[in-house]
2 protein chains.
Amino acid sequence: MLKEISLPSPHDCSDCPIRHRAVCARCDADELEHLDKIKYYRSFEAGQTVVWSGDPMDFVGSVVSGIATLTQTMEDGRTQMVGLLLPSDFVGRPGRDGSAYDVVATTDLVMCCFRKKPFEKMMLETPHIAQRLLEMTLDELDAAREWMLVLGRKTAREKIASLLSIIARRDATLHLRPAQGKVVFDLPLTREAMADYLGLTLETVSRQISALKRDGVIQLEGKRHVTVPDLDRLMDEAGDDSDGGVFA
Amino acid sequence: MLKEISLPSPHDCSDCPIRHRAVCARCDADELEHLDKIKYYRSFEAGQTVVWSGDPMDFVGSVVSGIATLTQTMEDGRTQMVGLLLPSDFVGRPGRDGSAYDVVATTDLVMCCFRKKPFEKMMLETPHIAQRLLEMTLDELDAAREWMLVLGRKTAREKIASLLSIIARRDATLHLRPAQGKVVFDLPLTREAMADYLGLTLETVSRQISALKRDGVIQLEGKRHVTVPDLDRLMDEAGDDSDGGVFA
DNA sequence: AAGCCTCTTTGACCCAGATCAAGCGCGAAC
DNA sequence: GTTCGCGCTTGATCTGGGTCAAAGAGGCTT
């Protein structure tokens, strides 16, 4: 198994890239100082498991950079990804000891962790944190429900288009580019991970990506670098009428 | 369209059947009194729509009795149920004007509604409410993710068994009976609603129910009255290893 | 630069579940 | 008591996506 990387230099909340979106978004200077005392950074290599389902977790935290996945596995090995954790997303559940899912780093990953007990205590005393966490949890619930429609009712082609448009829009907002017209990005997931997210096999994922390429909906350079000439076209293929905004 | 029924007699929080499970579970007497001022009851007939997706909602609230569903619909009519609302479950999202889903009463339904604006104000001032809502939202998120595994990876037979065992366990806990051995209950959903929940067609639902009956996993009296001779057997068929507890 | 290893693509075939189509059973309306 | 309508079942057939199998394409190691 891979070794955990130690972070070269711990940094300060004031220049934290996720300062304004994470669970600490609403905190004032005093509260940040308090958080600072219970926080620490951890880094993981791509492919490393952050927590195993069922294992005790003595921390909660935020993704600072990189991407992690939340997956559930059945005894016979069938797996379903139930969440994609992007920078600023929260990991762990206050008031619960074990993790309900496997959390795996898909890319190199940096997390800002809080020791669980002190964090829980602080949540009770600091409405700003509890409020922000509620808001984030409600957003995740909406995203999960949006995904239930994808899993339950969409065709393979629509599923792929849905995933690509989510990534494309997320990337556009992250880089403050307009979320329409031409979008270019790198796929952060392998075909297998995409299959696990979409409830498909990796062969079907591959075939449908080839089909979308053949039909000019996307262009591919290598296996991962994607160009979407017309985001509206892609979103049409996804079957949702413009709305969307799952991981907004 | 059906008419809304007016409730014969509004009742008091102290003898409310969902007092200890709903969003108000942690409230003390003062807080309940405050809530009482902004609350009102509404009743709906089976089949009636409580809110349409996209429509403005000027209230949030709790299901007091009956069952409601949360569904999403695509332009071409494909629909996916994304939530099953049982007594004590919360409806609506503080801080959002419109409903993201259709909310439909599956049975006759009574709701305890709070005017939205005052409720939002009260949430900011009353940690007990925000804390309980966070807890409930986290539970719903877990349930939604559990359901993603069902939708994405389970076979039709496993899907049916999963739904039946959820209903059976919920019913058992609601009536304080042991959640194992023999369980008897009524299906609160039509075959079509089950299909919408499971991402199947109603024909497949019907066939798989017949198959489970033929195999002795369940017994049916009429279309809706179900006897599960051995809950463990049913849960085996659902494919999850004992754990479960989605709507616990 | 040869050999591996992992990720990916593509082909051939198969099957679970969708679709299309009757028909049943039971309560409500006339 | 007959008819209507709705919810449900069952059969026949079709098909999207799964399964099994082979091979290409980079990137790393030695």
Side-chain angles (χ1 to χ4, degrees), chain A residues 2 45-48 69 74 76-80 104 106-107 150-164 186-215 218-226 237 239, chain B residues 2 45-47 74 76-80 104 106-107 150-164 186-215 218-226 237 239:
Chain A
L2 300 165
E45 286 178 18
Q48 230 183 325
T69 61
M74 296 171 67
D76 63 7
R78 281 176 282 176
T79 74
Q80 174 66 50
V104 179
T106 295
T107 63
V150 173
L151 289 173
R153 292 303 187 190
K154 291 196 179 178
T155 64
R157 170 183 266 244
E158 288 170 332
K159 285 179 175 182
I160 298 289
S162 297
L163 180 56
L164 292 178
D186 281 302
L187 278 176
L189 301 173
T190 64
R191 300 290 185 263
E192 188 177 18
M194 294 175 69
D196 282 344
Y197 204 3
L198 297 166
L200 297 170
T201 58
L202 66 90
E203 292 95 327
T204 298
V205 171
S206 182
R207 273 187 256 270
Q208 295 297 336
I209 288 183
S210 299
L212 289 174
K213 186 167 101 184
R214 177 167 17 83
D215 299 346
I218 59 171
Q219 288 147 26
L220 271 187
E221 215 176 306
K223 311 293 183 192
R224 299 293 194 88
H225 193 74
V226 180
E237 293 282 356
Chain B
L2 299 166
E45 286 178 19
M74 296 171 66
D76 62 7
R78 281 176 280 176
T79 73
Q80 175 66 51
V104 180
T106 294
T107 63
V150 173
L151 290 173
R153 293 301 186 192
K154 291 196 178 178
T155 64
R157 170 183 265 244
E158 289 170 332
K159 285 180 175 183
I160 298 288
S162 297
L163 179 55
L164 292 178
D186 282 302
L187 278 176
L189 301 174
T190 65
R191 301 290 184 264
E192 188 177 19
M194 295 174 69
D196 282 344
Y197 203 2
L198 297 166
L200 296 171
T201 59
L202 67 91
E203 291 96 328
T204 298
V205 170
S206 181
R207 274 187 254 271
Q208 295 298 335
I209 287 182
S210 299
L212 288 174
K213 186 167 101 183
R214 179 171 11 86
D215 298 347
I218 59 172
Q219 288 147 25
L220 269 187
E221 214 177 306
K223 311 295 183 188
R224 300 291 194 91
H225 193 74
V226 180
E237 292 282 357

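Owing to the predicted nature of the structure, the values given are computational and were not obtained by experimental measurement. All chains are named by letter (A, B, ...) in the order of the sequence lines, taking the proteins before the strands, and each is independently numbered beginning at 1.
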Euclidean distance, atom CD of residue B:E192 to atom P of D:dC8 [Å, nearest integer]: 9 Å
Report the distance from atom CG of A:D196 to atom C1' of D:dG18, rounded to the nearest whole Å. 14 Å
Would you say B:R78 and A:E158 make side-chain contact, with heavy atoms under 4.5 Å? yes
Roughly how far, to the nearest 0.5 Å, is the CD1 atom of B:I160 from the CE atom of B:M194? 4.5 Å
Expressed as a whole number of angstroms, how long is the span from B:R214:CZ to D:dT10:C1'? 11 Å
Pick base, sugar-phosphate or nothing for B:T201, based on heavy-atom distances below 4.0 Å to the nucleic acid. base
Is it the case that the base of D:dC8 and the side chain of B:E203 share a donor-acceptor contact (distance under 3.5 Å, atom types as modelled)? no
Spacing between A:L220 atom CG and C:dC7 atom P, to the nearest angstrom: 17 Å
note: A:L200, atom CG; C:dT8, atom C1'; distance rounded to Å ~ 16 Å
Atom CE of B:M194 and atom P of C:dG17: how far apart are they, to the nearest Å? 15 Å
Quick check against the 3.5 Å criterion: does A:Q80 have a side-chain atom that pairs as donor or acceptor with the backbone of A:D196? yes
Rounded distance (Å) that lies between atom P of C:dG25 and atom NZ of B:K223: 8 Å
With respect to the phosphate group of C:dA16, does any side-chain polar atom (N or O) of B:T204 fall under 4.0 Å of OP1 or OP2? no
Could you check whether the side chain of A:R224 and the base of D:dG26 have a donor-acceptor pair of N or O atoms closer than 3.5 Å, going by distance alone? no
Tell me: CZ of B:R191 to P of C:dG17, nearest whole Å? 18 Å
Using only modelled atom types and a 3.5 angstrom limit, is any donor from either the side chain of A:R207 or the base of D:dT19 paired with an acceptor on the other? yes
Please report the closest heavy-atom contact between B:L198 and B:K159, naming both atoms and the distance. O-NZ, 2.9 Å
Counting any heavy atom closer than 4.0 Å, what does A:S206 reach on the DNA or RNA strands: base, sugar-phosphate only, or nothing? base
